[in-house]
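So the structure is just underneath, and the comments pick up after that.
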Amino acid sequence: MLVSVFGRASAIGSWPGVQVVEAARIVMGELSAPAVPHLVELPARGPGSDLIGRGAVFLVDLPVDLQPSGWRLVNRPGRDLERAQAMLRQDLDVLAEVAENYAGPLKVQVAGPWTLSASLYLPRLERAVVDAGACRDIVAALAEGVADHVAAVRRLVPGAEVVVELDEPWVDAVLAGRLATASGFGRLRAVEEHVVVSGLADVLTAARAAGAVHTVVHSCAAGVPVDVLGRSGAEGLSVDVSLLGVRGWEALAPRLESGTWLWAGAVPTSEPLPDTAAAADAVWRPWRRLGLDPLLLERVVVTPTCGLGSCGPATARAVLTRCVAAGRELAARAQG
């Protein structure tokens with residue numbers, strides 16, 4: 001279990017550019033203790049480094065290829081999947097080198113089962129989420145792949161306390177039935193809450209069984225389904241706090257009081273960036289309005305509102321710096 005400590009900060013995962021070694025060194029350097037560094041993802045490298053292509057790498061025995069419509073489930077692996085697998089191996093090799101003597105929490109990110117089900121296409125070019133059997137296969141394959149990934153990171157970085165983040169930007173659309181059909185003229189049927197919760201729980205359970213010390217579900221979408229994600233068994237919820245609104249914070253408060261960590265997306269990913277005080281206020285003001293105990297802020301990790309892959313390099317680095325500073329500011333206020 002991740003040990004509570006004031007002043008933590010981290011990031012979502014994506015980073016600008018294509019230079020893997022440089023990016024890994026920046027992230028490991030900027031997010032030093034008590035912050036939580038992460039395995040860097042570089043979507044600018046192209047297909048296979050994007051959220052869905054990278055996520056599909058973890059689907060054991062469910063190969064994919066790339067079509068004009070997007071990533072598609074197929075019968076046998078080909079060059080598209082091989083390229084994505086090669087980029088992941090490169091990222092892990094770089095991580096092993098850059099984090100050779102590292103000891104502490106280290107986060108890895110994987111597209112969650114419902115974002116994959118909503119984004120991957122069946123051979124008949126409909127979203128996999130329309131097929132209950134395909135969804136079950138994706139959950140099972142992802143659970144096995146995530147467990148293998150956790151084991152690999154622990155082997156490559158022996159001092160790492162692995163944190164697993166499931167990225168679920170599409171989970172709200174899956175629950176609300178807002179996904180378009182292949183024709184674009186209709187909407188797919190909503191997936192029931194208990195099915196979504198069960199799928200998330202299966203993947204998170206596999207991650208913990210493989211040695212993950214902490215699990216997080218992330219969604220930076222508006223209208224994030226706090227209650228549904230909270231029932232998945234994740235130890236942490238990662239959200240853009242600017243999108244929560246009063247109802248979102250009120251739904252989140254009981255979770256926080258019962259021990260759930262908040263990975264608070266409090267620093268935007270574009271200029272102008274807020275100053276340290278304003279970034280801390282994004283958490284502090286609703287926290288105090290709800291009457292939450294300031295000491296519970298020891299289970300808050302300040303992050304950007306979303307990934308940094310679309311930022312310029314200087315902005316991305318400045319966002320990390322601001323997250324770290326805002327984490328320290330919240331710690332000072334909580335203990336003051």
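This structure is a prediction, so every number in the text was calculated from the model and none was measured.
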Test your reading of the model: is there a side-chain donor-acceptor pair from [X] to the backbone of [Y], 3.5 Å cut-off?
X: W287; Y: D293; value: yes
X: T181; Y: G186; value: yes
X: D172; Y: G223; value: no
X: Q109; Y: L39; value: yes
X: S232; Y: V228; value: no
X: E168; Y: W114; value: yes
X: D50; Y: G48; value: yes
X: S10; Y: V36; value: yes
X: R45; Y: V20; value: no
X: R328; Y: G7; value: no

Euclidean distance, [Y] [atom2] relative to [X] [atom1], rounded to 0.5 Å:
X: C323; Y: L308; atom1: SG; atom2: CG; answer: 7.5 Å
X: I138; Y: T115; atom1: CD1; atom2: OG1; answer: 11.0 Å
X: E126; Y: Y121; atom1: CD; atom2: OH; answer: 8.0 Å
X: E82; Y: M87; atom1: CD; atom2: CE; answer: 12.0 Å
X: L297; Y: R8; atom1: CG; atom2: CZ; answer: 14.0 Å
X: D167; Y: S14; atom1: CG; atom2: OG; answer: 8.5 Å

Got [X] and [Y] here, is their nearest side-chain heavy-atom distance under 4.5 Å?
X: L292; Y: L290; result: yes
X: W71; Y: P47; result: yes
X: V64; Y: D80; result: no
X: W284; Y: L330; result: yes
X: L95; Y: L156; result: no
X: R299; Y: L296; result: yes
X: C135; Y: V139; result: no
X: E193; Y: L175; result: yes

- prompt: Out of V129, L59, L166, which residue meets the side-chain contact (heavy atoms from CB on, under 4.5 Å) rule with L116?
  reply: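 Only one option passes, and that is L59.
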- request: Would you check if there is a donor-acceptor pair between the side chains of E235 and T215 at a distance under 3.5 Å?
  value: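 Yes, a side-chain donor-acceptor pair sits under 3.5 Å.
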- request: Using the test salt bridge (charged side-chain N to carboxylate O under 4.0 Å, His left out), find all partners of R322 that sit at least two apart in sequence or belong to another chain.
  value: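 R322 satisfies salt bridge (charged side-chain N to carboxylate O under 4.0 Å, His left out) with no other residue.
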For [X], is the [atom1] atom crowded, meaning more than 12 foreign heavy atoms sit under 6.0 Å from it?
X: R187; atom1: CZ; value: yes
X: R255; atom1: CZ; value: yes
X: R333; atom1: CZ; value: yes
X: W170; atom1: CH2; value: no
X: E22; atom1: CD; value: no
X: R285; atom1: CZ; value: no
X: Q85; atom1: CD; value: yes
X: R231; atom1: CZ; value: yes

Provide the closest heavy-atom pair for [X] versus [Y] in the form atom of the first, atom of the second, distance.
X: T315; Y: T269; result: CG2-O, 4.1 Å
X: F6; Y: A334; result: CE2-CB, 3.6 Å
X: V300; Y: A264; result: CG1-CB, 4.2 Å
X: P268; Y: T305; result: CA-OG1, 3.6 Å
X: A111; Y: L142; result: O-CD2, 3.5 Å
X: P169; Y: A221; result: O-CB, 3.8 Å

Joint hydrophobic cluster, [X] plus [Y], side-chain heavy atoms closer than 4.5 Å:
X: V319; Y: V324; result: yes
X: L252; Y: L243; result: no
X: V150; Y: V60; result: no
X: V301; Y: V267; result: no
X: V216; Y: V146; result: no

message: Which label fits H149 and F58: parallel for a plane angle under 30°, tilted from 30 to 60°, or perpendicular past 60°?
response: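 Judged by the thresholds at 30° and 60°, the geometry between H149 and F58 is tilted.
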message: Going by the rule side chain to side chain contact (heavy atoms under 4.5 Å, CB included), which residues pair with R25 if we only count those two or more places apart in sequence or in a different chain?
response: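 Partners of R25 by the side chain to side chain contact (heavy atoms under 4.5 Å, CB included) criterion, ordered by chain and then number, come out as V21, E97, V98.
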Test side chain to side chain contact (heavy atoms under 4.5 Å, CB included) applied to V217 and V171, step by step: CA-CA 10 Å; V217 180; V171 69; over 6 Å; no
- prompt: Which is it for H38 and V27 under the side chain to side chain contact (heavy atoms under 4.5 Å, CB included) test, yes or no, and what are the steps along the way?
  reply: CA-CA 7 Å; H38 59 84; V27 168; 3.7 Å; yes
- request: Assess whether side chain to side chain contact (heavy atoms under 4.5 Å, CB included) is satisfied between R124 and D131, documenting all intermediate values.
  value: CA-CA 11 Å; R124 63 179 184 270; D131 187 318; 4.3 Å; yes
Check against side chain to side chain contact (heavy atoms under 4.5 Å, CB included), D91 and V40: CA-CA 7 Å; D91 293 350; V40 176; over 6 Å; no
